[in-house]
Student: 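Sharing a structure with you now.
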Amino acid sequence: MVENALEALLKEERRFPPPKRFRERANVKDPSVYEQAAKDRLGFWEGFARELHWFKPWDEVLRWDLPFAQWFVGGRTNLAYNCLDRHLATPRRDKAAILWEGEPGESRRLTYAELTREVCRFANGLKSLGVGTGDRVTLYMPMVPELAVAMLACARIGAAHSVVFGGFSAEALRDRILDSQSKVLVTADGGWRRGAVVPLKSNADQAVAETPSIEKVIVCRRIGPSAGSGEVPMKPGRDLWWDDLVKGQPDRCEAEPLDSEQMLYLLYTSGTTGKPKGIIHTTGGYMVGCYATTKWIFDLKEEDVYWCTADIGWVTGHSYVVYGPLLDGATTLMYEGAPNHPGNDRFWAIVEKYRVSVFYTAPTAIRAFMKWGEELPRRHQLTSLRLLGSVGEPINPEAWIWYHQVIGGGRCPIVDTWWQTETGHVLISPLPGITPLKPGSATRPFPGIEADVVNEKGESVDSGYLVIRSPWPGMLRGIYGDPQRYRQVYWSRYPNLYFTGDGCKRDADGFFWLLGRVDDVLKVSGHRLSTMEIESALVDHPKVAEAAVIGKHDEIKENAVVAFVTLKGSAEGTPALRDELKGHVVKKIGSIARPDEILFTAELPKTRSGKIMRRLLRDIAEGRALGDTTTLAEAAVVQSLKERYEESE
Ligand code: WT7
């Protein structure tokens with residue numbers, strides 16, 4: 001984050017103590033939870049584990065062989081059992097587990113009993129295809145209840161799911177399947193996004209043509225023949241319709257008593273190289289972490305209607321659309337489409353229609369709503385809301401205040417939750433019944449979490465890098481197929497601290513202020529992208545010699561993607577080529593990575609050792625005065641680039 005934004009943040013002095021009415025009913029009312037957890041960290045987590053079902057209790061809470069953790073060692077459990085069966089003997093049996101709204105406006109309601117039946121039938125279907133414990137299953141689907149069903153079915157039989165966001169391209173899907181060696185792909189005939197059909201099946205066909213590990217493709221019917229040019233083509237022997245697979249399958253499927261460390265899922269995320277990392281999460285610890293944080297941070301009550309707007313293709317959707325709320329026996333709302341379709345007030349129409357009480361979204365969305373104006377939310381009855389959440393990037397105080405006032409009517413606490421794909425669940429957040437809020441601060445580490453801010457030497461300081469000092473239950477267990485990269489990325493800067501990649505300040509009250517990434521990871525509208533990944537996509541084009549990508553500060557998206565490109569030989573940097581290159585990135589990664597700006601240049605600024613100086617490119621793109629360029633091989637390159645960039649704007 002830029003320096004002046006940081007200063008503005010730290011001048012932020014408004015305080016919002018929990019409203020009395022909220023505090024009185026809160027799940028956590030006693031501030032001593034922090035000290036109690038600090039005194040007995042393992043006992044603290046064990047307490048939550050005991051609230052869940054275990055087929056066999058654990059022998060040891062934590063086995064820490066740095067950097068490899070095992071939690072609830074020797075225990076046997078099942079995440080789907082805890083999300084579903086555990087509630088069936090209670091009145092939750094007939095409570096809505098999932099409320100779903102399609103983008104065109106249809107609704108579905110699945111009770112816990114109904115969801116359990118769907119999960120069992122699909123799990124039996126997977127088994128009939130030979131999928132078992134330890135296999136990988138890739139899910140490339142729209143936001144429909146079947147996606148949650150497929151995840152829970154995998155969890156039930158011990159297969160690991162690998163959800164690939166439906167906005168990724170065929171090539172991105174192919175690479176993720178190749179890395180995970182999945183046996184089965186579950187997709188759909190399409191999904192609705194901003195009034196158009198996302199061609200999931202056709203992308204899947206292209207991907208699977210190059211992934212020998214895939215034996216079967218299961219296709220969920222979401223769109224049907226009426227909307228497009230007939231039914232999607234099905235490849236005999238390989239493709240089968242979801243409905244045909246589950247037809248005749250028994251309604252019961254016993255949940256496997258799985259080892260606590262059984263791999264639950266892989267989720268690919270961008271790092272600082274061109275190759276996405278398959279983040280490994282396992283069963284017992286992840287389950288306990290999701291359960292505990294959902295219960296305490298979102299303060300769920302039996303009657304709540306909880307809506308996390310994230311797509312399940314990202315970790316937020318895994319932990320806080322599906323697993324956390326279902327572990328807690330809550331009603332979780334899923335919405336298929338875009339926030340601005342058919343109108344810019346779609347989210348508020350949904351809040352009103354389903355009487356949503358707990359609402360969790362990203363700052364990028366809040367800033368877009370601010371831009372669209374107060375009239376839109378004012379058109380809707382938002383009085384059902386009682387708690388708001390934010391995730392994915394730092395929330396600037398203005399957006400925080402707008403969210404608090406316009407959406408929350410001044411009565412709803414806001415939980416600004418910091419975490420990562422790697423952490424599995426929230427690590428820094430207010431507890432809404434006890435934490436006084438400061439707009440722009442994620443406040444304090446969750447009880448039992450030892451977060452710290454350190455300098456280059458690893459010493460505790462007030463401004464530096466955010467690190468975690470000890471293992472937590474939902475932490476990643478590694479990078480799939482690459483333990484070396486796991487050590488190198490997270491455990492090499494400091495030999496015994498988990499390195500988050502985020503800059504952070506800590507104020508006099510011990511509150512944490514997250515300042516954004518310190519590495520080459522971008523956040524574009526809440527999506528995580530790597531500069532290197534986009535560079536590799538550009539360099540893959542036959543006319544491109546070299547590319548450097550940076551994130552430029554953007555008022556709404558946090559980062560806009562700016563690419564500096566040098567072309568081969570006689571190629572000319574025309575507007576048509578610029579569009580072609582943008583299209584090439586979309587083909588390689590997906591439209592989320594489409595560069596906002598491309599500047600053609602004869603040379604890129606490099607250090608004498610040949611490293612591209614991205615910091616300078618950021619200075620150029622953000623219009624700052626150029627700092628020290630003495631380490632540059634060609635100082636003149638930068639000056640001319642700066643002039644050309646300014647002309648191009
Ligand atoms: C990165 C992780 C965790 C779910 C969504 C993102 C940034 C996340 C916050 C927050 C400031 C935040 C960090 C982090 N981030 N939440 N509340 N305040 N920054 O998961 O895609 O793995 O990205 O998102 O930079 O490292 P992710």
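As the structure lists them, so they are numbered: ligands from 1, and atoms in each ligand from 1.
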Student: Rounded to the nearest 0.5 Å, how far does CG of Leu264 lie from OG1 of Thr282?
Tutor: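 Between atom OG1 of Thr282 and atom CG of Leu264 there are 7.5 Å.
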Student: Name each N or O atom in ligand 1 that is under 3.5 Å from a protein N or O, and give the partner atom and the distance.
Tutor:
residue: ligand 1; atom: 15 (N); partner: Gly392; partner atom: O; Å: 3.3
residue: ligand 1; atom: 16 (N); partner: Gly392; partner atom: N; Å: 3.1
residue: ligand 1; atom: 17 (N); partner: Asp416; partner atom: OD1; Å: 2.7
residue: ligand 1; atom: 17 (N); partner: Thr417; partner atom: O; Å: 2.8
residue: ligand 1; atom: 18 (N); partner: Glu393; partner atom: O; Å: 3.3
residue: ligand 1; atom: 19 (N); partner: Pro394; partner atom: N; Å: 3.4
residue: ligand 1; atom: 22 (O); partner: Thr421; partner atom: N; Å: 2.8
residue: ligand 1; atom: 22 (O); partner: Thr421; partner atom: OG1; Å: 2.5
residue: ligand 1; atom: 22 (O); partner: Arg528; partner atom: NH1; Å: 2.6
residue: ligand 1; atom: 23 (O); partner: Lys523; partner atom: NZ; Å: 3.1
residue: ligand 1; atom: 24 (O); partner: Gly392; partner atom: O; Å: 3.2
residue: ligand 1; atom: 24 (O); partner: Lys523; partner atom: NZ; Å: 2.8
residue: ligand 1; atom: 25 (O); partner: Asp502; partner atom: OD1; Å: 3.0
residue: ligand 1; atom: 25 (O); partner: Asp502; partner atom: OD2; Å: 2.9
residue: ligand 1; atom: 26 (O); partner: Gln420; partner atom: NE2; Å: 2.9
residue: ligand 1; atom: 26 (O); partner: Asp502; partner atom: OD1; Å: 2.8
residue: ligand 1; atom: 26 (O); partner: Asp502; partner atom: OD2; Å: 3.3
residue: ligand 1; atom: 26 (O); partner: Arg517; partner atom: NH1; Å: 2.7

Student: What is the ring orientation for Trp71 with Trp45, classed by angle as parallel under 30°, tilted 30 to 60°, or perpendicular over 60°?
Tutor: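 Answer is perpendicular, since the angle exceeds 60°.
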Student: Do Tyr320 and Thr293 get their side chains close enough for a donor-acceptor pair, meaning under 3.5 Å?
Tutor: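 Yes, because at least one side-chain N or O of Tyr320 sits under 3.5 Å from a partner of the opposite role on Thr293.
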Student: Any non-hydrogen side-chain atom of Phe446 less than 4.5 Å from a side-chain atom of Val426?
Tutor: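 SC-SC contact between Phe446 and Val426 ruled out.
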Student: Under a plain distance cut-off of 3.5 Å, with no hydrogens placed, do Thr309 and Thr361 share a side-chain donor-acceptor pair?
Tutor: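 Side-chain D/A pair, Thr361 to Thr309: present.
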Student: Look at Arg193 together with Glu103 and state whether they make a salt bridge at an N to O cut-off of under 4.0 Å.
Tutor: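 Salt bridge flag = no for Glu103 with Arg193.
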